[in-house]
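Read through the structure below, which is laid out as structure tokens, and then see the notes.
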Amino acid sequence: MTQLKLMLINFLTEEDKFISIAANMKSRAFLMNQSDLMIMNMALEKARSQGQDIALDFYAKHSVASNFNYQGVKRK
């Protein structure tokens with residue numbers, strides 16, 4: 001599980017390298033002390049969140065709403 005845990009920690013801290021090296025090391029040290037189950041849950045939640053963001057972005061780019069005009073629509 002240690003190799004998988006290290007891979008998951010790399011996945012979880014991939015944005016930290018843009019902040020600072022000290023923040024990255026602090027995050028990695030914190031994550032190394034967490035249980036394997038907690039690391040797996042965090043990685044799954046991050047992947048779910050990224051997938052949702054990608055899906056919303058794709059939908060926003062490719063959905064073409066019709067230009068509906070109420071002119072000529074009769075009220076009851």
Side-chain angles (χ1 to χ4, degrees):
M1 185 66 175
T2 57
Q3 290 292 356
L4 179 60
K5 187 173 183 176
L6 290 175
M7 287 172 48
L8 293 174
I9 288 173
N10 285 338
F11 174 67
L12 291 170
T13 59
E14 66 187 356
E15 287 93 13
D16 290 348
K17 62 186 168 190
F18 299 117
I19 298 171
S20 70
I21 294 173
N24 190 0
M25 292 299 155
K26 187 176 178 181
S27 296
R28 291 179 71 79
F30 173 77
L31 291 172
M32 286 300 287
N33 292 329
Q34 301 301 314
S35 68
D36 294 345
L37 182 60
M38 179 63 78
I39 298 293
M40 183 64 82
N41 287 340
M42 291 171 72
L44 290 174
E45 180 59 28
K46 181 179 177 183
R48 184 203 61 79
S49 177
Q50 286 180 345
Q52 183 179 16
D53 292 344
I54 291 169
L56 288 173
D57 187 46
F58 179 83
Y59 178 76
K61 284 181 182 176
H62 292 88
S63 70
V64 180
S66 62
N67 190 4
F68 186 76
N69 187 357
Y70 283 98
Q71 186 178 5
V73 176
K74 297 181 181 179
R75 291 180 117 180
K76 286 188 174 186

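Source: prediction; values computed, not measured.
Within the model, atoms CE of M38 and NZ of K5 stand 11.0 Å from one another, a figure rounded to the nearest 0.5 Å. Here the CG-CD1 distance, from D57 to I54, works out to 8.5 Å after rounding to the nearest 0.5 Å.
A donor-acceptor distance shorter than 3.5 angstrom exists from the side chain of S27 to the backbone of A23, with no hydrogens or angles considered.
Between M42 and L8 there is no side-chain heavy-atom pair separated by less than 4.5 Å. Counting heavy atoms from C-beta outward, N10 and E14 have side chains that stay 4.5 Å or more apart. In this structure the side chain of D36 never reaches within 4.5 angstrom of the side chain of M40, judged on heavy atoms.
Linking Ile, Leu, Val, Met, Phe, Trp and Tyr whenever their side-chain heavy atoms come within less than 4.5 Å leaves L31 and M25 in two separate clusters. Hydrophobic clustering keeps F30 apart from M7 (ILVMFWY residues linked when any side-chain heavy atoms are closer than 4.5 Å, directly or through intermediates).
The 12-atom threshold is not exceeded at CD1 of I21, counting heavy atoms of other residues, nucleotides or ligands nearer than 6.0 Å. Atom CZ of F11 has more than 12 heavy atoms from other residues, nucleotides or ligands within 6.0 Å.
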- Query: Passes side-chain contact (heavy atoms from CB on, under 4.5 Å), I39 versus M32? Steps please.
  - Reply: CA-CA 9 Å; I39 298 293; M32 286 300 287; over 6 Å; no
